[in-house]
Amino acid sequence: MRLDNMLLAEGVSGPEKGGGSAAAAAAAAASGGSSDNSIEHSDYRAKLTQIRQIYHTELEKYEQACNEFTTHVMNLLREQSRTRPISPKEIERMVGIIHRKFSSIQMQLKQSTCEAVMILRSRFLDARRKRRNFSKQATEILNEYFYSHLSNPYPSEEAKEELAKKCSITVSQVSNWFGNKRIRYKKNIGKFQEEANLYAAKTAVTAAHAVAAAVQNNQTNSPTTPNSGTYPARAIKHPEGQSVKEDPRWRPSEFGRAEEAAAP
DNA sequence: CTGTATGATTGTCG
DNA sequence: CGACAATCATACAG
């Protein structure tokens, strides 16, 4: 009977489902551009539907065969009842035997269906097996945060949630990403120099926005500038050799911490 | 097909 | 529980 519960939980033996797909569609719509996990999820559900159909048709077949066989035996017994007395008890016993036989066959069917579902799950729901890269936009956002907090790339829980929302991934994925990024950055800083410079420049531009706004607020009237709408022409200096010489041993001390609390 | 990039998992430590 | 390190398994580019 555990099998029944399992199949029910997997939606194999339950009623036809339409709500699940609606929820998935809603999630996909909410996430916007990225159809990363929803595509494979729909693939998974398609396979599950297939399994369910097979299961149902087989089950029905067995049911029918059982009924046919039962009536057949009943007819035989009725035939015999003309030559010898047949007690209702005997009939009942026969029917019981037949039903037990068929139900054991059904059990086998359930078990193999169960196995199929398990295999399907391990194949499709193990994200490690079916890895998808994040969208370009998501890595953009994550990298932006990482390099603008390079001296202390440890987003708070709140920041992680924010990033997760912006990237339409989960908080765990954000944590994973930062874990991987930190270790890999530390392991080979040279390989990330280019990227670091790139994102440093990028965030410098946004920082320049803030500075420009502040300056304007103060008094200076720059010629080209009304409010926050205009892009300040690249006045960012970009040291080629060493843009990030921050000691990347984040671990024990946080001496490089206070100076850039740039979180507007 | 081969090498690298990358997201996720596992085990260890504090 | 979170960070780190090693590792796995796949994606993707050449």
Side-chain angles (χ1 to χ4, degrees), chain A residues 6 9-10 20 23-24 27-48 50-51 115-203 243-263:
Chain A
M6 154 111 191
E10 295 299 333
S31 74
S34 81
S35 58
D36 47 6
N37 88 0
S38 126
I39 197 81
E40 91 180 43
H41 201 269
S42 76
D43 200 2
Y44 167 75
R45 278 192 296 102
K47 289 273 203 303
L48 195 71
Q50 196 178 335
I51 288 177
E115 267 170 37
V117 171
M118 295 289 261
I119 290 170
L120 186 69
R121 277 177 75 88
S122 71
R123 201 86 178 320
F124 275 80
L125 262 37
D126 188 1
R128 181 175 174 159
R129 263 186 140 69
K130 198 92 176 176
R131 183 177 68 77
R132 289 255 59 124
N133 285 357
F134 294 155
S135 70
K136 202 70 188 163
Q137 197 176 3
T139 52
E140 192 91 344
I141 292 168
L142 292 167
N143 273 317
E144 210 168 292
Y145 188 98
F146 181 80
Y147 287 113
S148 66
H149 299 70
L150 198 53
S151 58
N152 189 48
Y154 295 86
S156 65
E157 201 58 33
E158 208 170 283
K160 281 181 189 172
E161 282 175 29
E162 178 76 18
L163 288 167
K165 205 161 97 178
K166 278 172 124 169
C167 303
S168 30
I169 59 179
T170 69
V171 175
S172 311
Q173 286 178 305
V174 174
S175 296
N176 285 341
W177 190 90
F178 273 88
N180 283 324
K181 192 70 181 181
R182 280 192 299 264
I183 191 84
R184 282 161 183 165
Y185 178 86
K186 183 164 70 175
K187 207 145 184 166
N188 187 345
I189 296 179
K191 197 158 264 175
F192 290 90
Q193 277 292 324
E194 196 181 340
E195 198 177 57
N197 292 339
L198 195 145
Y199 283 100
K202 188 170 293 193
T203 57
S243 73
V244 180
K245 59 167 176 225
E246 198 81 50
D247 184 330
R249 287 200 302 271
W250 299 293
R251 195 139 47 178
S253 63
E254 45 172 332
F255 40 88
R257 178 89 176 94
E259 75 262 4
E260 57 181 356

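All chains are named by letter (A, B, ...) in the order of the sequence lines, taking the proteins before the strands, and each is independently numbered beginning at 1. These numbers come from the heavy atoms of this one structure, side chains and all, not from hydrogens, waters or symmetry mates.
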Interatomic distance, [X] [atom1] vs [N] [atom2] [rounded to whole Å]:
{"X": "I183(A)", "N": "dT9(B)", "atom1": "CD1", "atom2": "P", "answer": "18 Å"}
{"X": "N188(A)", "N": "dT6(B)", "atom1": "CG", "atom2": "P", "answer": "12 Å"}
{"X": "N133(A)", "N": "dC12(C)", "atom1": "CG", "atom2": "P", "answer": "5 Å"}
{"X": "F178(A)", "N": "dG7(B)", "atom1": "CZ", "atom2": "P", "answer": "12 Å"}
{"X": "K186(A)", "N": "dA3(C)", "atom1": "NZ", "atom2": "P", "answer": "13 Å"}
{"X": "F192(A)", "N": "dA5(B)", "atom1": "CZ", "atom2": "C1'", "answer": "9 Å"}
{"X": "F134(A)", "N": "dT10(C)", "atom1": "CZ", "atom2": "C1'", "answer": "14 Å"}
{"X": "N176(A)", "N": "dG7(B)", "atom1": "CG", "atom2": "P", "answer": "10 Å"}

Q: Under the side chain to side chain contact (heavy atoms under 4.5 Å, CB included) rule, what do F146(A) and T139(A) come out as? Steps first, then yes or no, please.
A: CA-CA 10 Å; F146(A) 181 80; T139(A) 52; over 6 Å; no
Kindly say if [X] contacts the phosphate of [N], meaning a side-chain N or O under 4.0 Å from OP1 or OP2.
{"X": "N180(A)", "N": "dT6(B)", "answer": "no"}
{"X": "K181(A)", "N": "dT6(B)", "answer": "no"}
{"X": "R132(A)", "N": "dT6(B)", "answer": "no"}
{"X": "Q173(A)", "N": "dA8(B)", "answer": "yes"}
{"X": "K187(A)", "N": "dA6(C)", "answer": "yes"}

**Q.** Axis-to-axis angle between the two ends of the helix from dC1(B)-dG14(C) to dG14(B)-dC1(C) (five base pairs per end, rounded to 10 degrees)
**A.**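 So the angle between the two local helix axes works out to 10°.
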Q.
Using the rule ring-ring contact (aromatic ring centres under 6.0 Å, His included), only one of F178(A), Y199(A), F192(A) pairs with Y147(A); which is it?
A.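 So, applying the ring-ring contact (aromatic ring centres under 6.0 Å, His included) to Y147(A) and each of F178(A), Y199(A), F192(A), only Y199(A) qualifies.
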Q: Could you walk me through whether Y185(A) and L150(A) pass the side chain to side chain contact (heavy atoms under 4.5 Å, CB included) test, one step at a time?
A: CA-CA 10 Å; Y185(A) 178 86; L150(A) 198 53; 3.4 Å; yes
Q: Look at all strands and tell whether R184(A) reaches a base, only sugar-phosphate, or nothing, counting heavy atoms closer than 4.0 Å.
A: base
Q: Pick base, sugar-phosphate or nothing for K160(A), based on heavy-atom distances below 4.0 Å to the nucleic acid.
A: sugar-phosphate
Q) Is there a side-chain contact between E194(A) and L198(A) (heavy atoms, below 4.5 Å)? A) no
(Q) Test salt bridge (Lys or Arg N to Asp or Glu O under 4.0 Å) on E144(A) and K166(A); report intermediate values, then the result. (A) CA-CA 12 Å; E144(A) 210 168 292; K166(A) 278 172 124 169; over 6 Å; no
Q. Is it the case that N180(A) and R182(A) place a side-chain donor and acceptor less than 3.5 Å from each other?
A. no
Q. Just how far is it from atom CD of E162(A) to atom CD of E158(A), taken to the nearest 0.5 Å?
A. 8.5 Å
Q. Quick one: which of dG7(B), dC12(C), dC4(C) gets closest to the side chain of Y154(A)?
A.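 Closest of the options to the side chain of Y154(A): dC4(C).
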